J.: 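Below: one structure in structure tokens.
Model, not experiment: these values are computed from the prediction. All ligand and atom numbering here is 1-based and tracks the order in the structure.
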Amino acid sequence: MKVEFYGHVRQYHNIKSEIDKNIQTVLESGQYVMGPMLKKFEGELAAYHGTKYAVGTGNGTDSIWLALMAMGIGAGDEVITHPNTFFATAEAIWIAGATAVFVDCDPKTKCIDPAKIEAAITSKTKAIIPVHLYGQCADMPAIRKIADNHKLKIIEDNAQGIGASGKGFKIAELSDATSTSFIIQKNLGTFGDSGALVTNNPDLDAKVRKLRNHGSNARNVHSYGFNSRLDDLHAGILSAKLKHIDEYNDQRRKWAARYTAGLKGCSTIDLPIESPGYRHVFHLYVVETHKPEWRDQLVDFLVKNNVDAKTHYSIAIHQQAGYPWGKGARIAGSVANAERNAATCISLPMFPELTAEEVDYVIAKVVEWDKQTAGQGSAAKAAPAMA
Ligand SMILES: Cc1ncc(COP(=O)(O)O)c(C=O)c1O
């Protein structure tokens with residue numbers, strides 16, 4: 001048995017006729033950039049989120065910095081996020097010319113800890129970027145309250161959580177804008193790069209719409225801008241897949257529940273937690289080893305046993321070599337929870353097209369390692385790393 005980490009080709013085969021039909025439609029239309037398929041998909045994406053607008057972009061990173069730029073946030077401004085996200089969240093802040101301010105994550109959800117945000121706010125703070133990490137929503141009501149008190153903007157980084165929801169709130173409901181990424185490994189992924197921004201703010205939509213297209217929304221008429229568009233071929237692929245996103249996420253939740261049931265007796269790892277009332281869409285199923293030295297041991301054991309396990313993200317942003325590369329950056333308080341997450345995280349294979357046999361094989365291998373490791377001494381958690 002070999003268990004892959006991704007199931008892109010299986011997914012393609014399952015809905016090949018729907019994807020191929022849309023690709024054919026675009027090819028025959030003769031309009032491949034800013035054409036009718038993009039317009040159709042933008043409408044579908046806005047409807048899915050319940051927002052007034054959706055604007056396609058070249059990728060998820062661009063969606064964030066285009067939003068920051070459209071909000072007038074840049075040099076001299078601070079933007080708060082957390083350091084145990086994918087690098088691109090901070091990268092986008094730096095591309096916009098702003099200073100990235102890192103606060104700790106919540107030890108349970110791994111999303112930004114709202115209780116740590118207020119102490120990080122200065123007169124320069126202009127925005128907060130919560131990330132719906134691994135597919136679970138950050139605590140948006142608490143973050144909205146802080147943003148309102150301090151007149152800050154919120155951009156949700158929803159590269160990983162399309163289709164997720166929180167207790168009594170939906171994604172994009174409590175923010176100024178929500179970015180997403182459609183790179184293939186995401187829950188809604190195309191065969192290449194692209195992204196989008198959804199918002200209810202007409203001014204923001206209009207600005208990003210122009211910025212992504214060389215500062216233009218009419219032929220030969222330009223202002224300052226960039227080339228960051230979502231091609232129609234990708235829009236067609238995404239349009240076909242969007243129709244299945246809820247069933248795909250349900251399937252991910254089913255495999256997550258199976259992992260959790262099979263692994264709950266393990267004494268050397270912690271399992272992911274779904275906050276009560278939240279719909280976690282398990283972009284990733286991430287366990288944490290009780291001791292940092294066990295992370296790579298477990299990954300190696302799984303890989304040797306034909307299970308493709310990975311880590312997300314094993315080097316926190318502020319721990320990357322060369323940080324902060326001459327860019328504006330500040331660490332606000334201890335980020336020990338984020339550092340512990342980086343030091344101990346392991347992602348098990350997770351995609352809708354897994355089979356029960358594959359999931360059970362992964363469970364059996366993790367349990368085997370757990371028994372061996374627990375037998376070697378204390379499985380108790382090591383003290384958290386110091387920031
Ligand atoms: C949390 C997060 N933010 C931003 C991005 C950037 O998206 P992209 O790769 O489409 O630029 C990604 C994924 O790549 C991500 O996981």
Side-chain angles (χ1 to χ4, degrees), residues 5-6 8 41 45 54-69 79-96 98 100 102-103 105-106 109-112 127-138 140 143 154-164 171-172 175 177-198 208 211-212 226-231 234-235 237-238 241 249 252 272 280-286 310-318 320 338 341-342 345 347 350-351:
F5 196 77
Y6 299 118
H8 311 143
F41 175 64
L45 192 68
V55 49
T57 62
N59 55 67
T61 314
D62 288 5
S63 303
I64 301 172
W65 63 257
L66 284 166
L68 287 168
M69 201 173 278
V79 178
I80 295 174
T81 191
H82 58 122
N84 58 315
T85 170
F86 182 57
F87 190 80
T89 312
E91 188 181 28
I93 296 170
W94 287 318
I95 292 171
F102 297 109
V103 302
C105 70
D106 178 283
T109 66
K110 321 301 169 191
C111 295
I112 194 167
I128 306 167
I129 306 184
V131 184
H132 302 315
L133 199 71
Y134 305 151
Q136 174 154 243
C137 288
M140 291 304 299
I143 297 165
I154 304 176
I155 300 168
E156 292 171 69
D157 180 342
N158 192 31
Q160 305 188 358
I162 191 161
I171 284 175
S175 61
T178 299
S179 67
T180 193
S181 163
F182 301 124
I183 193 167
I184 184 64
Q185 59 263 40
K186 301 305 186 208
N187 287 29
L188 179 65
T190 186
F191 305 126
D193 275 314
S194 60
L197 194 77
V198 299
V208 172
L211 281 172
R212 71 159 177 189
F226 308 86
N227 179 350
S228 182
R229 301 175 295 219
L230 195 170
D231 296 341
H234 289 309
I237 294 161
L238 291 164
K241 287 194 178 189
N249 284 336
R252 286 172 181 272
H280 193 325
V281 292
F282 291 97
H283 169 58
L284 295 166
Y285 186 92
V286 178
K310 298 191 184 299
T311 55
H312 296 81
Y313 298 95
S314 47
I315 308 174
I317 294 170
H318 66 290
Q320 294 283 352
N341 173 236
C345 60
S347 311
M350 172 53 79
F351 53 92

J.: Taking 4.0 angstrom as the limit and counting only heavy atoms of Gln160, give me the atoms of ligand 1 inside it, by number and element.
T.: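 Answer, ordered by atom number: 1 (C), 16 (O).
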J.: Check whether Asp231 reaches the backbone of His234 with its side chain - one donor and one acceptor, N or O, closer than 3.5 Å.
T.: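 Not confirmed, Asp231 side chain does not pair with His234 backbone.
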J.: Report yes if Asp62 has an N/O atom closer than 3.5 Å to an N/O atom of ligand 1; otherwise report no.
T.: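 So ligand 1 has no N or O lying under 3.5 Å from an N or O of Asp62.
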J.: So which protein heavy atom does atom 12 (C) of ligand 1 come closest to, and at what separation?
T.: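 Sorting protein heavy atoms by distance from atom 12 (C) of ligand 1 puts Phe86 CD2, 3.5 Å first.
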J.: Would you mind checking which non-hydrogen protein atom is closest to atom 9 (O) of ligand 1, with the distance to 0.1 Å?
T.: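 Among all protein heavy atoms, the one nearest atom 9 (O) of ligand 1 is Ser181 OG, 4.0 Å.
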J.: Gly60 heavy atoms, cut-off 4.0 Å: which ligand 1 atoms fall inside?
T.: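 So the atoms of ligand 1 that pass are 7 (O), 8 (P), 10 (O), 11 (O).
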J.: So which bit of Trp65 gets within less than 4.0 Å of ligand 1, heavy atoms only: side chain, backbone, both or neither?
T.: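 Neither part.
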J.: If you round to the nearest 0.5 Å, how far is CD1 of Ile171 from CD1 of Ile162?
T.: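 Going from CD1 on Ile162 over to CD1 on Ile171, the span is 8.0 Å.
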J.: Suppose I only count heavy atoms of Asn59 and a 4.0 Å limit; which atoms of ligand 1 are within that range?
T.: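 The list of qualifying atoms is 10 (O), 11 (O).
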J.: Considering non-hydrogen atoms of the protein only, which is the closest contact for atom 4 (C) of ligand 1, and what is the distance?
T.: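 Nearest protein contact, heavy atoms only, for atom 4 (C) of ligand 1 is Asp157 OD2, 3.5 Å.
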J.: Working note: Tyr6 + Lys310, criterion side-chain contact (heavy atoms from CB on, under 4.5 Å); need CA distance, chi angles, decisive distance, verdict.
T.: CA-CA 11 Å; Tyr6 299 118; Lys310 298 191 184 299; 4.1 Å; yes
J.: Could you tell me whether the side chain of Lys241 and the main chain of Gly189 form a donor-acceptor pair under 3.5 Å?
T.: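 Answer holds: yes.
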J.: For ligand 1, is Val131 a contact, meaning one of its heavy atoms is under 4.0 Å away?
T.: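 Yes, Val131 has heavy atoms under 4.0 Å from ligand 1.
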J.: Could you establish whether Tyr313 and ligand 1 come within less than 4.0 Å of each other, counting only heavy atoms on the residue side?
T.: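 Yes, that is the case, since the closest heavy atom of the residue is under 4.0 Å from the ligand.
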J.: Just heavy atoms, cut-off under 4.0 Å: does Thr61 contact ligand 1 by side chain, backbone, both, or neither?
T.: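 The answer is both.
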J.: Mark yes or no for whether His82, through its side chain, and Val103, through its backbone, hold a donor-acceptor pair below 3.5 Å.
T.: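 Side chain of His82 to backbone of Val103: no pair is present.
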J.: Please state whether Lys186 comes within less than 4.0 angstrom of ligand 1, counting heavy atoms only.
T.: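 Contact check Lys186 vs ligand 1: positive.
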J.: Quick check on contacts: which atoms of ligand 1 are under 4.0 angstrom from a heavy atom of Ala88?
T.: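 Result: 4 (C), 5 (C), 6 (C).
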J.: Could you list which atoms of ligand 1 come closer than 4.0 Å to a heavy atom of Thr85?
T.: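 What qualifies from ligand 1 is 1 (C).
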J.: For atom 15 (C) of ligand 1, what's the nearest protein heavy-atom neighbour? Residue, atom name and distance, please.
T.: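 So the nearest neighbour among protein heavy atoms is Ala159 CB, 3.3 Å.
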J.: Classify the angle between the aromatic ring planes of Phe87 and Trp94 as parallel (below 30°), tilted (30 to 60°) or perpendicular (above 60°).
T.: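 Because their plane-to-plane angle lies in the 30° to 60° range, the rings of Phe87 and Trp94 count as tilted.
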J.: Relative to the ring of His318, is the ring of Phe102 parallel (under 30°), tilted (30 to 60°) or perpendicular (over 60°)?
T.: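 Phe102 and His318: tilted rings.
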J.: Is there a donor-acceptor pair under 3.5 Å between the side chain of Ser63 and the backbone N or O of Ala196?
T.: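 Indeed, once roles are kept as given, a pair shorter than 3.5 Å links the two residues.
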J.: Could you tell me whether a side-chain N or O of Arg212 sits under 3.5 Å from a main-chain N or O of Thr57, the two making a donor and an acceptor?
T.: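 Here the side-chain-to-backbone pair does not exist.
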J.: Return yes if some donor-acceptor pair links the side-chain N/O of Thr180 with the main-chain N/O of Asn158 below 3.5 Å, else return no.
T.: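 Looks like yes, one N/O pair under 3.5 Å.
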